[in-house]
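The figures here come from the full heavy-atom set of this structure, side chains too, leaving out hydrogens, waters and symmetry mates.
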Amino acid sequence: LEAFFVSQICSLFLDAQHVLVDANKFALAARSLCLVVLFCRRVILEKLFQLVSTGGSSPSMKGADACRHLEAFLQSVVSQLLEALSDLATSKGHPELRQTGLWKLVVEALVYIVEDSLAAVERCSLSSEASGKFWKAVMTSLTQVVSEVLPSERSSENDIVDSK
């Protein structure tokens with residue numbers, strides 16, 4: 001259900017095609033960013049609490065279930081969410097979206113989700129497949145965002161310097 005919920009939020013409210021339809025869609029996109037950050041944070045913290053509260057040297061069934069859940073969550077949900085956020089932040093195919101400033105909120109949400117996910121990666125030993133998919137999603141999204149955001153900021157600075 002978590003994957004379905006995040007998938008629906010991404011397709012309904014965080015799709016670049018729909019954000020600029022009207023002011024309500026834009027406002028929903030901004031609020032949806034808060035929602036997905038809090039949702040991911042809640043899932044991760046809840047499962048980390050279950051993992052930590054099991055205590056002892058041998059992992060209990062509850063701790064193992066929490067770790068498997070975190071692994072699946074990071075591998076599928078977080079990876080999908082990072083892809084959707086990086087697409088929105090880079091304004092793929094919609095240059096007018098960049099002028100709204102929404103990309104700044106999207107980048108902030110992306111960083112929060114990555115930061116929150118690191119605690120789960122640290123505490124839970126992920127399979128090589130899950131780890132690879134998670135880190136690929138993190139690196140791809142951060143690379144896309146940095147490559148799109150920094151050049152335009154630098155060119156703006158150069159334009160200012162050239163006009164002097």
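- Applying the side chain to side chain donor-acceptor pair (under 3.5 Å) criterion to Ser127, with sequence neighbours excluded, gives Glu71.
- Applying the side chain to side chain contact (heavy atoms under 4.5 Å, CB included) rule to Ala3 yields the partners Val77; only residues at least two apart in sequence or on another chain are considered.
- Counting only residues at least two apart or in different chains, ring-ring contact (aromatic ring centres under 6.0 Å, His included) contacts with residues 25-48 comprise Phe5-Phe39.
- The side-chain heavy atoms of Cys10 and Leu81, taken from C-beta on, include a pair separated by under 4.5 Å.
- Nearest heavy atom pair, residue Leu85 against residue Val106, reads O-CG1, 3.0 Å.
- Under the side chain to side chain donor-acceptor pair (under 3.5 Å) criterion, Gln8 pairs with no residue, sequence neighbours left out.
- Ile44 is listed as a side-chain neighbour of Ser117, based on a closest heavy-atom distance under 4.5 Å.
- Leu48 contributes atom CG, which lies 9.0 Å from atom CD of Glu122 (distance to the nearest 0.5 angstrom).
- Residues Leu38 and Val43 do not share a hydrophobic cluster, defined by chaining ILVMFWY side chains whose heavy atoms lie under 4.5 Å apart.
- For residues 83-112, there are no disulfide (SG to SG under 2.5 Å) pairs, not counting sequence neighbours.
- Screening residues 107-146 for disulfide (SG to SG under 2.5 Å), with sequence neighbours left out, gives Cys67-Cys124.
- For Glu2, the side chain to side chain donor-acceptor pair (under 3.5 Å) test picks out His69, with sequence neighbours left out.
- Here Ser79 contributes atom OG and Glu83 contributes atom CD; the two are 9.0 Å apart, rounded to the nearest 0.5 Å.
- Gln17 meets the side chain to side chain donor-acceptor pair (under 3.5 Å) test with no other residue; sequence neighbours excluded.
- Every pair tested for disulfide (SG to SG under 2.5 Å) that includes a residue from residues 11-41 fails, sequence neighbours excluded, so the list is empty.
- Side-chain contact between Asp87 and Asp15 is absent, with no heavy atoms from C-beta onward closer than 4.5 Å.
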Sequence neighbours excluded and cut-off under 3.5 Å, please list the side-chain donor-acceptor pairs for residues 132-144, or say none.
residue, atom, partner, partner atom, Å
Thr140, OG1, Lys136, O, 2.7
Ser141, OG, Ala137, O, 2.9
Ser141, OG, Val138, O, 3.0
Thr143, OG1, Met139, O, 2.6
Gln144, OE1, Ser86, OG, 3.0

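- Arg123 pairs by the salt bridge (Lys or Arg N to Asp or Glu O under 4.0 Å) definition with nothing, not counting sequence neighbours.
- At a threshold of 4.5 Å between side-chain heavy atoms, the hydrophobic network of Ile, Leu, Val, Met, Phe, Trp and Tyr places Val78 and Leu45 in two separate groups.
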- Task: Verify side chain to side chain contact (heavy atoms under 4.5 Å, CB included) between Leu102 and Leu33, making sure each step is shown before the conclusion.
- Result: CA-CA 10 Å; Leu102 182 65; Leu33 291 171; 4.2 Å; yes
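- Closest approach of Leu126 to Val121, counting heavy atoms only: CD1-CG2, 4.1 Å.
- Minimum interatomic distance between Leu14 and Ala29 (heavy atoms only, all atoms of both residues): CD2-O, 3.6 Å.
- Applying the salt bridge (charged side-chain N to carboxylate O under 4.0 Å, His left out) test to pairs two or more places apart or on separate chains, those with a residue in residues 22-50 are Arg41-Asp116, Arg42-Glu46.
- To the nearest 0.5 Å, atoms CG (Leu74) and CG (Leu82) are separated by 9.5 Å.
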